[in-house]
Amino acid sequence: MTAVDPTRSLSSGRAPRGPVGAIRTTCAYCGVGCGVLATPDGRGGAAISGDPEHPANFGRLCSKGSALGETLGLEDRLLYPMIRCSKGTMEQVAWSDALDHVASRFAHIVKRDGPGAVAFYLSGQLLTEDYYVANKLMKGFIGSANVDTNSRLCMSSSVAGQRRAFGADTVPGCYEDLEQADLLVLVGSNAAWCHPVLYQRMLANKQKRGARMVVIDPRRTDTAGDAELFLGLKPGTDTALFSGLLVHLADNGALDPDYIERYTGGFDEALARARSIAGSVGATALATGLSEQDVADFFRIFAATPRVVTLYSQGVNQSAQGTDKVNAIINCHLATGRIGKPGASPFSLTGQPNAMGGREVGGLANQLAAHMRFTPPDIDRVRRFWKASRIATHEGLKAVQMFEAIARGEIKALWVIGTNPAVSLPDADAARAALKKLELFVVSENVRSNDTVNAGAHVLLPAQAWGEKSGTVTNSERRISRQRAFLEPAGEARPDWWIVSEVAKRLGFGAAFDFNSAADIFREHAALSAFENSGGRDFDIGALQSLSDQAFDALTPVQWPTRQDNSQPQPRFFANGGFFSSDFKARFIAPEIPALRTETTAGRPLRLNTGRIRDQWHTMTRSGLSPRLGQHLPEPFVEVHPDDALKFGVTDGSFARVTTDHGQCTLKVVVSERQQRGMLFAPIHWSEATATGSRVGALVAPFTDPFSGQPENKATPASITPYEYVFRGFALSRTPLALPDHAWWARVAVPGGHGYLLADNADLAGWQSWLRSVAGDDLAEYKDFGGGVYRAAYFASDRIEACLFIGPAQDAGDWNVVKQLFAADRLDDEQRRMLLSGKSTDGLASAGPIVCACFGVGRTTICDSIAGGAHTPAEIGAKLKAGTNCGSCIPELKRLIAQVGSTDPEQRQLAAAN
Ligand SMILES: Nc1nc2c(c(=O)[nH]1)N[C@H]1C(S)=C(S)[C@@H](COP(=O)(O)OP(=O)(O)OC[C@H]3O[C@@H](n4cnc5c(=O)[nH]c(N)nc54)[C@H](O)[C@@H]3O)O[C@H]1N2
Ligand SMILES: Nc1nc2c(c(=O)[nH]1)N[C@H]1C(S)=C(S)[C@@H](COP(=O)(O)OP(=O)(O)OC[C@H]3O[C@@H](n4cnc5c(=O)[nH]c(N)nc54)[C@H](O)[C@@H]3O)O[C@H]1N2
Ligand code: SF4
Ligand SMILES: [Mo]
């Protein structure tokens, strides 16, 4: 290892400071890319607030961003490089040994089986600099394009759709458009939960300017709560809806013939195809399952509103026809010339913090760096720029195909960096089994344990995490922001770019990987974007290629392109054509007739839709550490329409088995009218590491879109059957617990320790002996085995060390109350006595499940306040503070107001239930 390591020092990448010692950085989570002020507390933590100067959020943060300070602990961190030794156990090794090992094993496999036998699987959570170096090594020097990323599961249909239409992967609009639009159409986007700060900007437009909102989603999400029009279409029918819209625009004089004529090609074919798919309002209604009235309303509003932004996300992308869906949307914007103009554009909402940066460096297997492609001139250009010894000459394998090739034994070495494919890939059991076949399986991670690490990694390399790492990310509106270090790196963690560069050096490519800092890499990346680019490539940040280290440290958020000759950034594209095709024109695309890849059958009569919840991020390796975020929806669940619940015999609050042709999960049932009949919804966040039998990726069919390779994550045929557990309960402990194998459990962070929600069928004596084996015999106990109740706690001085509550479904003890007692540093005698009663003690009434994460305000409290006369979120805020900080719960407050205030007793019951 080098004696002086610039990556260990906070002095690089730490400037500039914001007010009173705060460091400006960017949120670790979604593609909104909010600016964050982090003020280190000197003890490894930091106070977090929104950066008022950042143009993505102007000081706002959502519930996840606000809770970032609760996720900085080191308890779960991977601190040292580790290698699996001959006995099968992981052993700590020196960095130099780990890097030598990885390089020599990769070199051996490439020499023996060729470059196609190795692969990298990367992530939109890496910094641009990490991504750039990994892509350069694999595509330029190892000589394979088998480098793909979790963005394949996320954005690749948007990439493919934009490339087909615009000739390049260009997002034409910017965030200001959301404030300037008169109509916001959200398609397959639950922005209220997944892009909350942008959603608030849209709501502000609605409130201030009266913009209208249309939400298109098979589920009535909280995003739909603010919409004038909610279109709960049948899954997978978006192409029909937007084909019908194109026909309507054409037949009602709403086209922009001048724009079509001057700047586009292929309109007639696309319109003819649209007519054959959905040639009228009636045909569209039939194809989508919507009412003719709703379809007609949507078409009319769209046709009559020049300033319209259509925002789309995973309901569009994650489909076996995702690329066609994207193009069906873009067609309507091209046909009306509503593109790249203030308040008018199609807008792909990106998921991860650096989904866009990954696309810029060419992290996908079918891209070259700097938005170049696998064409002979581009390959030659990148080869010359990199002085690449062995550049890949054709596209590599896309994520799902890559894991299939691993399963077949064709890919023998895999390096996973910053993603958890054993959870997030479709057919996740098969993906996990494939990992076990690898001859060399390297994982660069922040955490010591997740399902991918636990799938048999041979080498673990500790990467610097958010707060420690330093570099750049690009958000949904093409804006590059700095992530800056404000904490010392944990243990021996290193930047991902450093780890990859050190392996590259050991493979003999030292000259091309002699980087000393993220700034070094960024300059090279910027220079490549401008290299032989006279405007023919959209991605150009040539103006930034000569930044000094100090200027890089001080870099303020900047949108691309920012070209050398004209350093004025360009917020929008294509208002006056200028597409990136050979004739500078856009292409209308005639989509295929929409159809889902699979039919439901008698055995699999439902369709499983999967997605996100408000307060968790992906596989919970970071958000799962925050007690505040754990309060909102603490358990893995499946949402079912009341009619289906009745039909299949499942009830709210009970458990059910969800089965597909690929796998099985056991989930808590939530019966809800927000769900469409015939569909189930389950969140993606839980894994083997955080719950039993709740890894939803195992249920998902591995079908992919033919153009993008993106899997259809939202429509797998499934069945549901009730599953009985005699006992329910929970455990709380200061240290992590290994629950007995027979139990169903879900882990949740709680103040002061770890919580586990439980369900089980084993006898209570077994639980008693398990607890004794964990905590010793010195237990305070309440036993009523005949009544099915066992409660026990173990104290150290006056504090609960661990406790266990098991009982019949309705009598297992009040989790919300016991959690508060557990959080306390000391319990008085009265509280101790009350503890094992499992009921509230004075002043500790249960507030119900938490709705407002910032102030810990529960549903019961909120419903009481509504019943007591609070009729708006503002009035609830004035009484309870709920919704007055980050605002992420306001959509839910509105739903509760509607439900509690409803004259329909069923609605009122729903408010109390979910
Ligand atoms: N809280 C939170 N926020 C996140 C994330 C997170 O993990 N947690 N992850 C981030 C990432 S990486 C991403 S990619 C984004 C994703 O953000 P979103 O795409 O908004 O989130 P999803 O919940 O995956 O899916 C959105 C909606 O698509 C709907 N849908 C399903 N099928 C169809 C269909 O056929 N047509 C239409 N029109 N809609 C359909 C679903 O019902 C769902 O409500 O969120 C980002 N933000
Ligand atoms: N069924 C279904 N499946 C889906 C989806 C869906 O909607 N439905 N959505 C898909 C989408 S859009 C996405 S984006 C994926 C997300 O899926 P994943 O990427 O698999 O999920 P994460 O939990 O974000 O995994 C990131 C991992 O990288 C680690 N990590 C974080 N930062 C760094 C870093 O800087 N360096 C390194 N080396 N490691 C780091 C974290 O500890 C974590 O283990 O899931 C996809 N899978
Ligand atoms: S919206 Fe929330 S999660 Fe997304 S970047 Fe902003 S604070 Fe982070
Ligand atoms: Mo994503």
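Indexing begins at 1, ligand by ligand and atom by atom, following the structure's order.
Around atom 6 (Fe) of ligand 3, the protein atoms of type N, O or S found under 2.8 Å away are Cys34 SG, listed by chain and number.
Between Phe681 and Phe637, the two ring planes are tilted [angle within 30° to 60°]. Ring geometry, Trp95 versus Trp498: the interplanar angle exceeds 60°, so the pair is classed perpendicular (tilted spans 30 to 60°).
Among residues at least two apart or in separate chains, there is no salt bridge (charged side-chain N to carboxylate O under 4.0 Å, His left out) pair with a member in residues 119-134.
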When you pair each N or O of ligand 2 with protein N or O atoms, which pairs come out under 3.5 Å?
| unit_1 | atom_1 | unit_2 | atom_2 | d |
| --- | --- | --- | --- | --- |
| ligand 2 | 1 (N) | Thr610 | OG1 | 3.1 |
| ligand 2 | 7 (O) | Gln318 | OE1 | 3.0 |
| ligand 2 | 7 (O) | Gln318 | NE2 | 3.2 |
| ligand 2 | 7 (O) | Arg612 | NH1 | 3.1 |
| ligand 2 | 7 (O) | Lys714 | NZ | 3.2 |
| ligand 2 | 8 (N) | Thr610 | OG1 | 2.8 |
| ligand 2 | 9 (N) | Gln318 | NE2 | 2.9 |
| ligand 2 | 9 (N) | Arg612 | NH2 | 3.0 |
| ligand 2 | 17 (O) | Ser424 | OG | 3.4 |
| ligand 2 | 19 (O) | Asn150 | ND2 | 2.7 |
| ligand 2 | 19 (O) | Thr419 | OG1 | 2.9 |
| ligand 2 | 20 (O) | Thr419 | OG1 | 3.1 |
| ligand 2 | 20 (O) | Asn420 | N | 2.8 |
| ligand 2 | 20 (O) | Asn420 | O | 3.4 |
| ligand 2 | 20 (O) | Ser424 | OG | 2.6 |
| ligand 2 | 23 (O) | Thr619 | N | 2.9 |
| ligand 2 | 23 (O) | Thr619 | OG1 | 2.5 |
| ligand 2 | 24 (O) | Gln125 | OE1 | 3.2 |
| ligand 2 | 24 (O) | Gln125 | NE2 | 2.7 |
| ligand 2 | 24 (O) | His618 | ND1 | 2.9 |
| ligand 2 | 28 (O) | Gly418 | O | 3.1 |
| ligand 2 | 28 (O) | Thr419 | N | 3.3 |
| ligand 2 | 28 (O) | Glu445 | OE2 | 3.4 |
| ligand 2 | 30 (N) | Asn446 | OD1 | 3.4 |
| ligand 2 | 32 (N) | Asn446 | OD1 | 3.1 |
| ligand 2 | 35 (O) | Lys469 | NZ | 2.5 |
| ligand 2 | 36 (N) | Asp496 | OD2 | 2.7 |
| ligand 2 | 38 (N) | Ser444 | O | 2.9 |
| ligand 2 | 38 (N) | Asp496 | OD1 | 3.0 |
| ligand 2 | 38 (N) | Asp496 | OD2 | 3.4 |
| ligand 2 | 42 (O) | Glu445 | OE1 | 2.8 |
| ligand 2 | 42 (O) | Thr621 | OG1 | 3.1 |
| ligand 2 | 44 (O) | Glu445 | OE1 | 3.4 |
| ligand 2 | 44 (O) | Glu445 | OE2 | 2.5 |
| ligand 2 | 44 (O) | Asn450 | ND2 | 3.0 |
| ligand 2 | 47 (N) | Ser424 | O | 2.8 |

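For Arg60, the CZ atom sits in a loose shell: 12 or fewer heavy atoms of surrounding residues, nucleotides or ligands are nearer than 6.0 Å.
Looking at His618 and Ser424, their side chains never bring a donor and an acceptor atom within 3.5 Å of each other. A donor and an acceptor atom, one from each side chain of Thr621 and Asn450, are nowhere located under 3.5 Å apart.
Closest non-hydrogen pair, Val453 versus Arg448, comes out as CG1-O, 3.3 Å.
Under the ring pair (Phe, Tyr, Trp, His ring centres under 6.0 Å) criterion, His525 pairs with Tyr132, Phe539, not counting sequence neighbours.
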Exercise for review: Start with the C-alpha distance between Thr323 and Asp705, add both sets of side-chain angles, then the distance that settles side-chain hydrogen bond (donor to acceptor under 3.5 Å, both in side chains), and finish with yes or no.
Suggested key: CA-CA 7 Å; Thr323 308; Asp705 175 277; 2.8 Å; yes
